[in-house]
Amino acid sequence: ALYLLYRLVSILDAYLSYSSVPHRFIYHKLPDLHDSVELGSLMAVNKCKRMVQIGVGDATFAKRLIQHWHNLERYYGVDNFRTKMSLIKSEEMRELVATERKNLDDPDEGLESALDYLQDYAHKVTLLRTTSSGALNLIDDYSLDLVYLNNHTDFCSTWRDLKLYWPKLKYGGIMAGSNYLRLIKQTVAASAGEDESKYLRLLDYKHELCSNGSTFLGVREAVDEFVRLNHIFEYKLTFRDESNRQTFYFMKRFHLLIE
């Protein structure tokens with residue numbers, strides 16, 4: 001009885017919130033997307049205007065997304081613009097990053113590099129050199145059409161940002177992110193004439209280090225748990241991203257109270 005009462009109060013609260021905050025019914029059913037860049041086209045078709053990307057990196061994905069989203073009015077990019085050397089396990093790769101990408105070790109130069117890459121869209125772009133939690137007060141609740149979690153690889157950061165940025169979405173907005181699963185080639189190469197697809201296997205990001213040094217599952221588990229706890233009945237994965245990392249995406253529907 002108490003649970004039913006709680007659900008009724010939740011639905012009533014969600015309805016009252018829906019009637020008083022910005023919202024957008026961009027579609028009743030989520031479409032299938034080939035890759036993450038198609039999110040830009042989807043947003044453009046439905047006349048969406050604002051987004052945030054948590055984790056900008058070199059801004060390659062941001063530029064491609066903006067190119068497909070012609071009517072975008074404001075892109076927020078949140079990043080500290082530092083290379084996460086602790087997550088690079090290969091000593092050889094660490095040396096390569098330190099040698100060839102020194103600019104990302106300096107947050108000022110990393111920010112300038114991203115701004116330079118996005119200069120054609122400077123009138124639409126706001127880059128925030130801070131953490132995801134540090135940017136919260138700079139973005140209004142119910143103001144975004146798309147939240148994209150970029151290059152998260154561990155449970156902790158994925159779970160944290162899902163919870164932090166869910167209130168920032170309008171009803172009808174999309175929560176999405178990379179690295180739900182990725183495809184990698186097995187060590188046994190396909191012989192001449194064979195279909196290489198059968199030598200691809202799915203690998204999830206389990207057991208990546210969290211920022212506090214703990215090891216606890218990965219992106220997939222964080223997304224699955226968030227979806228389960230918040231009664232999100234439909235979420236999808238892209239078929240095949242160029243980076244071989246599948247993107248998850250789901251809608252914030254008006255009838256659910258999620259905090």
Side-chain angles (χ1 to χ4, degrees), residues 14-15 17-57 59-79 114 117-118 120-128 132 135-152 161-178 180 223 226-227 230 232-239 241 246-258:
Y15 174 78
S17 299
Y18 166 73
S19 63
S20 60
V21 302
H23 58 276
R24 182 180 300 278
F25 279 107
I26 50 180
Y27 28 70
H28 297 288
K29 183 176 176 61
L30 283 174
D32 295 322
L33 301 178
H34 181 75
D35 59 34
S36 53
V37 175
E38 289 184 359
L39 284 167
S41 301
L42 180 64
M43 296 292 109
V45 167
N46 290 283
K47 300 180 181 179
C48 298
K49 304 298 183 182
R50 302 165 72 87
M51 73 161 291
V52 66
Q53 180 180 345
I54 310 300
V56 178
T60 300
F61 173 74
K63 185 174 183 178
R64 295 180 62 213
L65 189 71
I66 294 172
Q67 287 172 337
H68 285 75
W69 190 345
H70 61 84
N71 51 359
L72 173 69
E73 292 183 356
R74 182 55 50 192
Y75 164 93
Y76 295 101
V78 178
D79 203 311
Y117 196 69
L118 296 171
D120 292 341
Y121 306 100
H123 60 292
K124 299 181 177 183
V125 170
T126 300
L127 295 183
L128 305 172
S132 58
L136 274 180
N137 292 333
L138 303 175
I139 301 174
D140 293 335
D141 289 352
Y142 308 110
S143 66
L144 301 174
D145 298 296
L146 174 66
V147 173
Y148 193 87
L149 309 185
N150 190 48
N151 289 334
H152 289 51
D161 290 343
L162 285 170
K163 292 185 68 178
L164 288 179
Y165 281 85
W166 190 249
K168 303 300 178 184
L169 273 176
K170 298 176 182 179
Y171 292 107
I174 295 294
M175 175 70 75
S178 63
Y180 183 89
V223 173
F226 187 84
V227 165
N230 294 299
I232 299 167
F233 300 111
E234 181 187 27
Y235 79 102
K236 293 192 175 184
L237 304 176
T238 55
F239 293 123
D241 278 292
Q246 281 187 304
T247 288
F248 67 86
Y249 56 104
F250 51 85
M251 186 193 302
K252 181 176 182 178
R253 298 194 182 271
F254 82 93
H255 60 281
L256 297 177
L257 178 66
I258 301 166

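Residues take their numbers from the sequence shown, with the count starting at 1. Note that these values count all heavy atoms, side chains included, but never hydrogens, waters or copies made by symmetry.
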I'd like to check Val52 versus Leu128 (side-chain heavy atoms, cut-off strictly below 4.5 Å). Are they in contact? no
Evaluation steps, side-chain contact (heavy atoms from CB on, under 4.5 Å), between Met175 and Phe226: CA-CA 11 Å; Met175 175 70 75; Phe226 187 84; 5.7 Å; no
List for me each residue that meets salt bridge (Lys or Arg N to Asp or Glu O under 4.0 Å) alongside Lys124, sequence neighbours excluded, and say none if there are none. none
CG of Leu72 to CG of Leu65, rounded to nearest 0.5 Å, is 8.0 Å
Without swapping roles, check the side chain of Asn230 against the backbone of Ile232 for a donor-acceptor pair under 3.5 Å. no
Does Leu164 have any side chain to side chain contact (heavy atoms under 4.5 Å, CB included) partners at least two apart in sequence or in another chain, and if so, which? Ser132, Ser133, Leu136, Arg160, Asp161
Minimum heavy-atom separation for Leu237 to Gln246, with atom names? CD1-OE1, 3.9 Å
Suppose we screen for side chain to side chain contact (heavy atoms under 4.5 Å, CB included). Which residues come up paired with Ala44, at least two apart in sequence or across chains? Trp69, His70, Asn71
Side chain to side chain contact (heavy atoms under 4.5 Å, CB included) partner of Tyr117, the single match among Val56, Thr60, Val125: Thr60
Can you tell me how far the OG1 atom of Thr126 sits from the OH atom of Tyr75, to the nearest 0.5 Å? 10.0 Å
If you take all heavy atoms of Leu42 and Pro31, which pair is closest and at what distance? CD1-CG, 3.7 Å
Decide yes or no on side-chain contact (heavy atoms from CB on, under 4.5 Å) for Met51 and Leu144, but give the supporting numbers first. CA-CA 5 Å; Met51 73 161 291; Leu144 301 174; 5.6 Å; no
Can you find a heavy atom in the side chain of Leu146 that is under 4.5 Å from one in the side chain of Cys48? no
Given 3.5 Å as the limit, does a donor-acceptor pair link the side chain of Tyr249 with the main chain of Leu33, or not? yes
Residues in salt bridge (Lys or Arg N to Asp or Glu O under 4.0 Å) contact with Lys63, at least two apart in sequence or another chain: none
Please check: side-chain N/O of Thr238 versus main-chain N/O of Ser36, any donor-acceptor pairing under 3.5 Å? no
Check the orientation of Tyr235 and Phe250. Use parallel for under 30°, tilted for 30 to 60°, and perpendicular for over 60°. perpendicular
Under the rule for side chain to side chain donor-acceptor pair (under 3.5 Å), what residues qualify as partners of Asp32, not counting sequence neighbours? Lys236
Is the positively charged end of Lys252 above the ring of Tyr171, judged by distance under 6.0 angstrom from the centroid and angle within 45° of the axis? yes
For Tyr76, the side chain to side chain donor-acceptor pair (under 3.5 Å) test, sequence neighbours excluded, returns Arg50
Do the side chains of Tyr148 and Ile174 get nearer than 4.5 Å, heavy atoms only? no
Can any side-chain N or O of Arg74 pair as donor or acceptor with the backbone N or O of His123 at less than 3.5 Å? yes
I'd like to check Met251 versus Leu30 (side-chain heavy atoms, cut-off strictly below 4.5 Å). Are they in contact? yes
Among residues at least two apart in sequence or on other chains, which ones pass side chain to side chain contact (heavy atoms under 4.5 Å, CB included) with Ser41? His68
Salt-bridge criterion met for Asp145 and Lys170 (N-O under 4.0 Å): yes
